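A short worksheet on the structure shown next.
Side chains included, hydrogens not; waters and symmetry mates left out as well; all remaining heavy atoms used. Read the numbers this way: they start at 1 and go in the same order the structure lists the ligands and their atoms. All of these numbers come straight from a predicted model, not from anything done at the bench.
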Amino acid sequence: MGERMRVLTVLGTRPEIIKLAPVVRQLSSLPESFQSIVCATGQHGELAKLALPAFGMAPDYNLRPTRRSGDLAALTAATLSGLDDVLADCSPDLVLVQGDTTSALCGALAASYRGLRIGHVEAGLRTGNPAAPFPEEINRSLIGRLAHLHFAPTEVARACLLVEGVDGETVYVTGNTGIDTLFEVLSKLDERPPPGLSATRCAALAGHPLVLITCHRRESLGGTLRAICRGIRRAAEAHPEARFIWPLHPNPAVGEAANELLGRLPGVDLLAPLPYASFVWLMARATVIVTDSGGVQEEAPALGKPVLVLRQQTERQEGVEAGTARLIGTEAGNIAFEIGRLLDDAGVRQAMALRHNPYGDGHAAQRIVEILAAHWPWPGSARREPVGIPGRAT
Ligand code: UDP
């Protein structure tokens, strides 16, 4: 048997855990070909604690960057240095990062400083505007310069990489691994409320239109977020028959604005972040989804749910072009108008509620792992010393 590939998967935020879980599972299911090692960077402390066990993930390394809230430079410095120690310790053949977070950028940068190969899952998403989403557009563009294998979710993402001069031989269209997770979790859900949602809360939704909201982009914090809250408030006041549910991101700035402007409004429920299965349960029941999240923009079309995107630009154009997603910006009057239109007009709703999967077919992780196996071994890979991972057999 030839030497197996040692893959270090770096993750730190909720979306990375959701989207890398199927890849880690595939790698672990082939122990004769891969040694899978996972490092959690601690970027989303609270959300990661909720998400990691839900996907049966117990990272081999856990970093705990200390930082002032919201300080990107301090987070980047601490994560980069922590990851460098991990690379020294486990000496991987490939570092796998996903998407556009600070954790992903630091994983790619730390690997490239050590001359290691980098695989980028969800490569090629671009708005072309470094300020939105911030700092995600910067992060993913930089990772695109560093990675050796680019796993683009769609043809559009592949085209963005080629325009930037990335070698087409290194770009593979795989679908988005987030859709793998969505299908897997959906297949296990039934009518009963999943953990994280009380039976009383779910019963109170019966017979009412449901508007499901998430919003947390860094560039929206402050006045823009307050305008978004005012828009939702107007929609809720005009539609007392509807129920509005917003699981709040733990960033205190989100909770403060939402609680101040929506906290005591009848029909509006502000919740703590939900476990993924509970959030999917709600998405599957939603009449309208209102979000600035990247992942939710991918999940809604797969569920046939109209999604109103609280942004001026999106890197997920496929949903907009297919008509399932609409960019509605962040101005209060327009937000209230667009939510109201979807609640009031079944025709508009149906025209948007087309179930289609521009972002994946549920087999992206398998494709990624097959592509990795096909590239292995790469030149110069056969001579490294085996290194013990704490608590793991090598
Ligand atoms: N999500 C979740 N619980 C919640 C809200 C969202 O599990 O209470 C999931 C959602 O289904 C999606 C992901 O979290 O898969 C999106 O994460 P986020 O919006 O933080 O990041 P983005 O997708 O914008 O990078």
* Asked: Between Glu137 and Arg140, is there a side-chain N and carboxylate O pair less than 4.0 Å apart?
  ->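 Here Glu137 pairs with Arg140 in a salt bridge, since their nearest N and O are under 4.0 Å apart.
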
* **Residue list, side chain to side chain contact (heavy atoms under 4.5 Å, CB included) with Thr287, at least two apart or on another chain** =>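 Listed in chain order: Pro209, Leu210, Leu343, Arg349.
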
* Asked: By ring-ring contact (aromatic ring centres under 6.0 Å, His included), which residues pair with Phe34, not counting sequence neighbours?
  ->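 Once residues adjacent in sequence are excluded, Phe34 has no partner under the ring-ring contact (aromatic ring centres under 6.0 Å, His included) criterion.
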
* **Under 4.0 Å from ligand 1, counting heavy atoms only: the protein residues, by chain and number** =>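 Shell around ligand 1 (4.0 Å, heavy atoms): Arg14, Pro15, Ile18, His216, Arg217, Pro247, Pro273, Leu274, Tyr276, Phe279, Met283, Ser293, Gly294, Gly295, Val296, Glu299.
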
* **Among Thr177, Asn176, Thr174, side-chain hydrogen bond (donor to acceptor under 3.5 Å, both in side chains) partner for Glu122** =>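 When Thr177, Asn176, Thr174 are each tested with Glu122, the side-chain hydrogen bond (donor to acceptor under 3.5 Å, both in side chains) holds only for Asn176.
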
* State whether a side-chain donor-acceptor pair under 3.5 Å links Thr214 with Thr291. =>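 Their side chains do contain a donor-acceptor pair, which is all the 3.5 Å distance test asks for.
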
* Asked: salt bridge (charged side-chain N to carboxylate O under 4.0 Å, His left out): which pairs involve residues 252-281, sequence neighbours left out?
  ->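 Residue pairs with at least one partner in residues 252-281: Arg201-Asp269, Arg226-Glu260.
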
